[in-house]
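What follows is a short report on a single structure.
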Amino acid sequence: MRTFGAGLIGHLMSAVLRRNIPFYLDTDVRSLIVEDGRVQGVIARQGANEFRIMVRRGVLLATGSNVRNEALTERSSEFHATKTLLPPSVDGDAIVLAGEIGGAISIKPQFQQDLLYVIPGEEHYGTPLYRGVTNNESGFPHSILVNLDGDRFSDESIGQQVGATLRNFDVRRHRYVNVPCFLVFDQTYLDKYGLGSIQPGDEVPDWLIKDDSIKGLAERLGVDGEGLTKTIQRFNKFAEAGKDEDFGRGEFPFANSVSGDLTNKPNPNLGPLNQPPYFGLPLEPAAAGSTRLVTNELAQVMHLRGQAIPGLYACGSASAHYYGIGYQAGCELGGAMTFGYLAAKHAAAG
Ligand SMILES: Cc1cc2nc3c(=O)[nH]c(=O)nc-3n(C[C@H](O)[C@H](O)[C@H](O)COP(=O)(O)OP(=O)(O)OC[C@H]3O[C@@H](n4cnc5c(N)ncnc54)[C@H](O)[C@@H]3O)c2cc1C
């Protein structure tokens, strides 16, 4: 039995196969065919071959976000960040395809912000394999996120809160105060939770920066040592009391179960950093896929002049969030399914 995304796609794929609907692997849609004021098909490329695929009802763009389109992402991302967890094919084609025929584009902050690190030598698709920490790792007890001053800056157990706070800009120093940042944790954290592919009990790999003292770790990371020492002393008091007086970490039920340890008392997201060695992981923000096509309630792509483009639909990460700014965890796949369904229904009705 398959679950999560593979289970979902498996179910859809079996429906496609049962209906003998043709599908093409390793095939890139390069442009849209517009005839008589309506999108009537696509030009696709498979290897060296380019060919036309004509449609009777409409074209639904579900090509994902823009993050692997470095030029587009660099221009639209607040941090000029271009690194991402996503594969190279997710490179903003919906924006280019619809943009060429007047499709309206929306750029809105999502705040869901992966913080990335790379294990030296790890690659996928010939590019570095980035790993993210803000979905789980930064909310477990015995860890904190700090900036270069050694200060905590957010409730680390809520990825979107971290994302919002990363955007704090210090005008006098002319830089984002919390970029870069560092996940700092102790041996207890590693023993209990591991880190990414490092399982609890595994040998600590050489690439992980560590030191027996907090000051020593700060020096290795380039972080203010006095600041980090004070931060950890203060955080450890919060952990003991089970109450984070600075950022309320552990007060959000979603974070308790998703990025916390429910067996950890008194607070699933708070635990002291007091078991050397101490570890530090430098992190940088991922590219944000916040440049998307404007669609209406039927998933039709809107033209810059305000009307729907006949025969063109978009859903999933290709289309702007139907709920505006921010990110509603779990609503991404639900939204993609719902608007894909609405697009098909509208197209079928002619
Ligand atoms: C770490 C992480 C955790 C997440 N957790 C959740 C969660 O818990 N719940 C949730 O709902 N969402 C979650 N999401 C978000 C969710 O994964 C995405 O919103 C979703 O995968 C977007 O689906 P999509 O089909 O729009 O785009 P994608 O999954 O990116 O698929 C786009 C596809 O289009 C193909 N493509 C691109 N260009 C072309 C072209 N020109 N021609 C043909 N094909 C093309 C690409 O190869 C790709 O296969 C998470 C995302 C990440 C990164």
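Order of appearance sets the numbers: ligands from 1, and atoms from 1 within every ligand.
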Here the atoms of ligand 1 under 4.0 Å from any heavy atom belonging to Gly64 are 27 (O), 30 (O), 32 (C)

Basic-acidic side-chain contact under 4.0 Å: Glu245, Lys237: no

Which bit of Asp93 gets closer than 4.0 Å to ligand 1, counting heavy atoms only: side chain, backbone, both or neither? side chain

Contacting atoms of ligand 1, where contact means under 4.0 angstrom from a heavy atom of Asp28: 40 (C), 41 (N), 42 (N)

So which of Leu85, Thr63, Leu97 gets nearest to atom 36 (N) of ligand 1, if we judge by its closest heavy atom? Thr63

Just to be sure I'm reading this right: ignoring hydrogens, which of Thr27, Val258, Val90 gets closest to atom 48 (C) of ligand 1? Compare them by their nearest heavy atoms. Val90

So, for Phe339 and Tyr322, is the gap between ring centers shorter than 6.0 Å? yes

Per-atom contacts, ligand 1 versus Glu332 - under 4.0 Å to a heavy atom: 10 (C), 11 (O), 12 (N), 15 (C), 19 (O)

Give yes or no for whether the N/O distance cutoff of 3.5 Å, strictly under, is met between Asp91 and ligand 1. no

Tell me which part of Ser89 gets within contact of ligand 1: side chain, backbone, both or neither, using heavy atoms under 4.0 Å. both

Flag Gly316 as yes when one of its N or O atoms lies below 3.5 Å from any N or O atom of ligand 1, and as no otherwise. no

Is the distance from the ring center of Tyr176 to that of Phe153 below 6.0 Å? no

Tell me whether the count of non-hydrogen atoms from other residues, nucleotides or ligands lying under 6.0 Å of NZ in Lys192 goes above 12. yes

Around atom CZ of Arg173, are there more than 12 heavy atoms from other residues, nucleotides or ligands closer than 6.0 Å? yes

Using a strict cut-off of less than 4.0 Å between a Lys/Arg side-chain nitrogen and an Asp/Glu carboxylate oxygen, indicate whether Arg234 and Asp244 qualify as a salt bridge. no

Can you check whether Ser65 has an N/O within less than 3.5 Å of an N/O in ligand 1? no

Take atom CZ of Phe169 as the centre, draw a 6.0 Å sphere, and report whether it contains more than 12 heavy atoms from other residues, nucleotides or ligands. yes

Using a 3.5 Å cut-off on N or O atoms only, is Ala318 in polar contact with ligand 1? no

Testing Thr84, Thr127, Asp91, Thr73 one by one against Arg68 for a side-chain hydrogen bond (donor to acceptor under 3.5 Å, both in side chains), which residue passes? Thr127

Contact atoms of ligand 1, heavy-atom distance to Ala62 under 4.0 Å: 32 (C), 33 (C), 34 (O)

